[in-house]
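For reference, the structure is listed below as structure tokens.
In this text, all values refer to a predicted model and were calculated from it rather than measured experimentally. Chain A is the first sequence line, chain B the second, and so forth, proteins listed ahead of strands; every chain is numbered from 1.
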4 protein chains.
Amino acid sequence: MLRIQITTGASQPIYRQIVDQVRHAVAAGKVRVGDAMPSVRALATDLVVNPNTIAKAYSALVRDGVIESQQGRGYFIAEPRLIYTHKERKRRLGEVMNPFLAEAISLGFEPQQIIDEVEKRLRKTFSSPEAAPKPKDSAS
Amino acid sequence: MLRIQITTGASQPIYRQIVDQVRHAVAAGKVRVGDAMPSVRALATDLVVNPNTIAKAYSALVRDGVIESQQGRGYFIAEPRLIYTHKERKRRLGEVMNPFLAEAISLGFEPQQIIDEVEKRLRKTFSSPEAAPKPKDSAS
Amino acid sequence: MLRIQITTGASQPIYRQIVDQVRHAVAAGKVRVGDAMPSVRALATDLVVNPNTIAKAYSALVRDGVIESQQGRGYFIAEPRLIYTHKERKRRLGEVMNPFLAEAISLGFEPQQIIDEVEKRLRKTFSSPEAAPKPKDSAS
Amino acid sequence: MLRIQITTGASQPIYRQIVDQVRHAVAAGKVRVGDAMPSVRALATDLVVNPNTIAKAYSALVRDGVIESQQGRGYFIAEPRLIYTHKERKRRLGEVMNPFLAEAISLGFEPQQIIDEVEKRLRKTFSSPEAAPKPKDSAS
DNA sequence: GTGGTCTAGACCACT
DNA sequence: GTGGTCTAGACCACC
């Protein structure tokens, strides 16, 4: 079952923490296509946040094709698919990479250390390689 | 001499672009301890932005210990200080790395592609690799 | 200047009406790249709706690359760009076309009449052809 | 015989899919006035859905005058009735056409492409064009 | 002044 | 029960 945890008062907004954790779980193959997400109200109660905050996180996941909503039934893990063009994906990658590298560098990390940490984290996430299905690249 | 460039209309605020570039330049060894920063007015004129914006960027850099002000003389690159413990630095690195990786993964990038892009970007930033001085405890 | 009008109590939610009108205006070349959108609060006051409703509409426009936000400055018309893959665009087109055709048919319209009405509406929107710049198809 | 197919996991609720398909079939002339609908239980078994879902779809169709119930016999295709005036029908058509065109345009489709896709979809629906009976005031 | 996030609580439609 | 929309009002960061 998908376990989500948040820390209030962090620099990252709550809805963003939720989005990232769900994405990670999906990418790591911890959930399967069709699995039900916790209901908006249930997760809100569980995390002690407002249902609207959960709804915002789920909306973001829907727009990126990670989950799908079924009116009156709930949210479910979606079939993976490539939504964005190659160019757009590169653009978005750069947009999140730059602040990350700037922060990493200002923390005093060497370039090689940063690469090592990224590799280490990625290996941990993809510990069971076959679990995470890749979207077909049929649309380039 | 420290060259700063900004792009208006970007999602990142101007003062943030300046802060990041100065941090980058320091980390990349493009400037040395004691080097003078451009004066607030000069840089404001040069970049065609409000002097308050420059002042704000410099304040943030002073707060972070990157530069120091000398009354009546201007701002100068400060002696690097390492505030955080090794553990704290790792924790902070993880905090900014997770959102980045979550975005990268959900954009459909392979682990190796992500590492490649990070390396490429770091190489671009550190064009003269041997110029970057190591902060005292950066190893271990 | 971009004029937005809404009708409350319609089947279409308010935020959707706003989104559609802005898209239309952009596609028809009634606004230019870089033009400022009405501020969230100003439009909310103008339309007598809650600022959150405007914010939701603007967020949807941002995620589709129609507008961009600049913290503390406002929202602005974005440079047009192709965000979605060919496949994803076709999928989304189908998703909105099916309900439209089902409704049109159940209203008793003949296929040819539907096509005629669509053409008529499109001609009206694109009355000044060169006004609407096309995004470059560089990313397929 | 009226063939109904559903896809579970779609954004559109099941009962809506049924309603739309029946309307389509009627408009396309695939069924005639007086034709019997599949019984609620039979269709429920066939589609492997809850009978209540079928009942709800049929109720909606009865409300819209598409089918009629005959106590103890079942549901039958109703005599077409045209409720709306010409002007009202045009207004309603515009109401559903606008969101569709807004989405299509902002997805980057050219006017001609949109028309082509609409035509293609309509041809698929109306595979036997001459079979479609004209409602009385469909002209003008 | 601007946008960004979050809460509390309401009403609606769908299953 | 589920999600979808909207309101009212708060606090924060940025310019």
Problem - 5'-most by nearest nucleotide on DNA chain F - C:Ile14 or A:Ala42 - result: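 By nearest-heavy-atom nucleotide position, the 5'-most residue is A:Ala42.
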
Completion exercise
Comparing C:Pro51 with A:Val40, nearest DNA chain F nucleotide closer to 5' gives the residue A:Val40

Interatomic distance, [X] atom [atom1] to [Y] atom [atom2] [nearest 0.5 angstrom]:
X: C:Arg89; Y: C:Tyr84; atom1: CZ; atom2: OH; result: 11.5 Å
X: C:Lys87; Y: C:Arg92; atom1: NZ; atom2: CZ; result: 14.0 Å
X: C:Arg81; Y: C:Asp64; atom1: CZ; atom2: CG; result: 9.5 Å

Please list, pair by pair, any protein nitrogen or oxygen found under 3.5 Å from a nitrogen or oxygen in nucleotides 11-14 of chain E.
unit_1	atom_1	unit_2	atom_2	d
E:dC14	OP1	D:Tyr15	OH	3.3

Problem - Any C:Thr53 side-chain N or O less than 4.0 Å from OP1/OP2 of F:dT7 - result: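 It does, given that an N or O in the side chain of C:Thr53 lies less than 4.0 Å from OP1 or OP2 of F:dT7.
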
Handout entry: Any C:Ser39 side-chain N or O less than 4.0 Å from OP1/OP2 of E:dG1
Key = no

Exercise for the section: For the pair A:Lys90 and A:Glu95, evaluate salt bridge (charged side-chain N to carboxylate O under 4.0 Å, His left out) and give the outcome as yes or no after the intermediate values. Expected result: CA-CA 9 Å; A:Lys90 275 283 179 70; A:Glu95 224 170 46; over 6 Å; no

Distance in angstrom units between [X] [atom1] and [N] [atom2], rounded:
X: A:Ile6; N: E:dT7; atom1: CD1; atom2: C1'; answer: 13 Å
X: A:Ile18; N: E:dC6; atom1: CD1; atom2: C1'; answer: 12 Å
X: C:Glu68; N: E:dT2; atom1: CD; atom2: C1'; answer: 16 Å
X: A:Gln12; N: E:dT5; atom1: CD; atom2: C1'; answer: 13 Å
X: A:Leu43; N: E:dT7; atom1: CG; atom2: C1'; answer: 16 Å
X: A:Asn50; N: F:dA8; atom1: CG; atom2: P; answer: 17 Å
X: C:Met37; N: E:dG4; atom1: CE; atom2: C1'; answer: 17 Å
X: B:Ile54; N: F:dC15; atom1: CD1; atom2: P; answer: 12 Å

Handout entry: D:Leu43 vs D:Met37, side chain to side chain contact (heavy atoms under 4.5 Å, CB included): CA-CA, chis, key distance, verdict
Key = CA-CA 9 Å; D:Leu43 188 54; D:Met37 294 288 290; over 6 Å; no

Problem - Pairing residues for C:Ala25 by the side chain to side chain contact (heavy atoms under 4.5 Å, CB included) criterion, not counting sequence neighbours - result: C:Leu2, C:Lys30

Handout entry: Canonical and wobble pairing (Watson-Crick, G-U, under 3.5 Å) of DNA chain F, dot-bracket with |
Key = ||||||||||||||.

Practice task
Side chain of A:Asn52 only, please: which of E:dG3, E:dC6, F:dT7 is the nearest?
Solution key: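 Out of E:dG3, E:dC6, F:dT7, the nucleotide with an atom closest to A:Asn52's side chain is F:dT7.
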
Problem - B:Tyr75 and B:Tyr58 aromatic ring geometry - parallel, tilted or perpendicular at 30°/60° bounds - result: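 Perpendicular, since the angle between the ring planes exceeds 60°.
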
Handout entry: Any side-chain donor near an acceptor of the partner, C:Gln12 and D:Asn98, under 3.5 Å
Key = no

Exercise for the section: Have a look at A:Tyr75 and say if it touches a base, only the backbone sugar-phosphate, or nothing, with a 4.0 Å heavy-atom cut-off. Expected result: sugar-phosphate

Practice task
Spell out, as yes or no, whether a donor-acceptor pair under 3.5 Å connects the side chain of D:Thr53 to the backbone of D:Val49.
Solution key: no

